[in-house]
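Values below: every heavy atom of this structure, side chains too, minus hydrogens, waters and symmetry copies. Remember, predicted model here, so these are calculated numbers, not experimental data. Both counts, for ligands and for their atoms, begin at 1 and track the order of listing.
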Amino acid sequence: MKDLMRKRTVISLETEELLNKQVALEAMASAKYLAMASWCDAHGYENSAEYFYAQSDEERAHMLKIFHYINDMGGTAVSPAVDLINANFVSLKDIFEISLDSEITVTLAINIIVDKVKNEKDYSTEQFMQWFVQEQREEEMKARRAVELFDLLGEDKLALFMIDERIGKLNAAMAAADASPEA
Ligand code: FEO
């Protein structure tokens with residue numbers, strides 16, 4: 001029965017494994033962003049909290065997109081366990097720097113999958129992953145812009161207030177982009 005099922009699988013077992021690892025990474029990213037949102041909420045950074053709640057939702061959507069793809073291709077998507085998430089952040093800057101690191105980690109993992117499926121001539125998965133390549137470009141750019149705000153404005157009370165305001169504008173831009181017909 002297993003052999004019969006496997007014949008219907010378009011993706012290789014190695015690719016299935018890599019995609020399931022990506023599912024776990026996206027789930028972890030979603031949980032990390034939720035912890036960041038909670039810290040921002042507790043410290044009065046309302047716009048930053050909203051930003052990270054939205055990021056958490058996006059990461060869950062990414063996870064589900066890959067999850068469904070694995071199953072649609074005849075593989076078996078694995079519901080990921082999420083380890084304990086660090087919630088002891090030092091500062092708002094610390095949070096945005098961790099978020100940039102996290103996005104870079106995700107981009108590298110996606111590049112590994114793209115390399116793998118290119119070598120295997122798995123054009124279906126290569127095409128599927130292109131969406132994530134573009135998404136990561138945008139996600140990294142957003143995270144970098146946020147980190148740059150701290151270099152630009154500093155970290156005193158007024159600067160942090162202004163940064164949270166700027167993040168509010170970023171939230172509005174993200175909401176407008178999501179509402180656009182091309183999103
Ligand atoms: Fe889905 Fe930002 O990684």
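Panel detail: atom 1 (Fe) of ligand 1 has protein N, O or S atoms under 2.8 Å away, 3 in number.
Dense packing is recorded around NZ of Lys142, with more than 12 heavy atoms of other residues, nucleotides or ligands lying under 6.0 Å away.
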Practice problem: For side chain to side chain donor-acceptor pair (under 3.5 Å), just list the numbers for Tyr69 and Thr125, CA-CA rounded to whole Å, side-chain angles, deciding distance to a tenth of an Å, and then say yes or no. | Solution: CA-CA 9 Å; Tyr69 180 79; Thr125 308; 2.7 Å; yes
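Taking the charged nitrogens against the carboxylate oxygens, Glu148 and Arg145 have no contact shorter than 4.0 Å, which rules out a salt bridge. By the 4.0 Å N-to-carboxylate-O rule, Lys116 lies close enough to Glu120 to be salt-bridged with it.
Counting Ile, Leu, Val, Met, Phe, Trp and Tyr side chains that sit under 4.5 Å apart, directly or through other members, Val82 shares a hydrophobic cluster with Met28, Ile85.
Note: Phe96 and Tyr51 meet the aromatic proximity criterion, with ring centroids under 6.0 Å apart.
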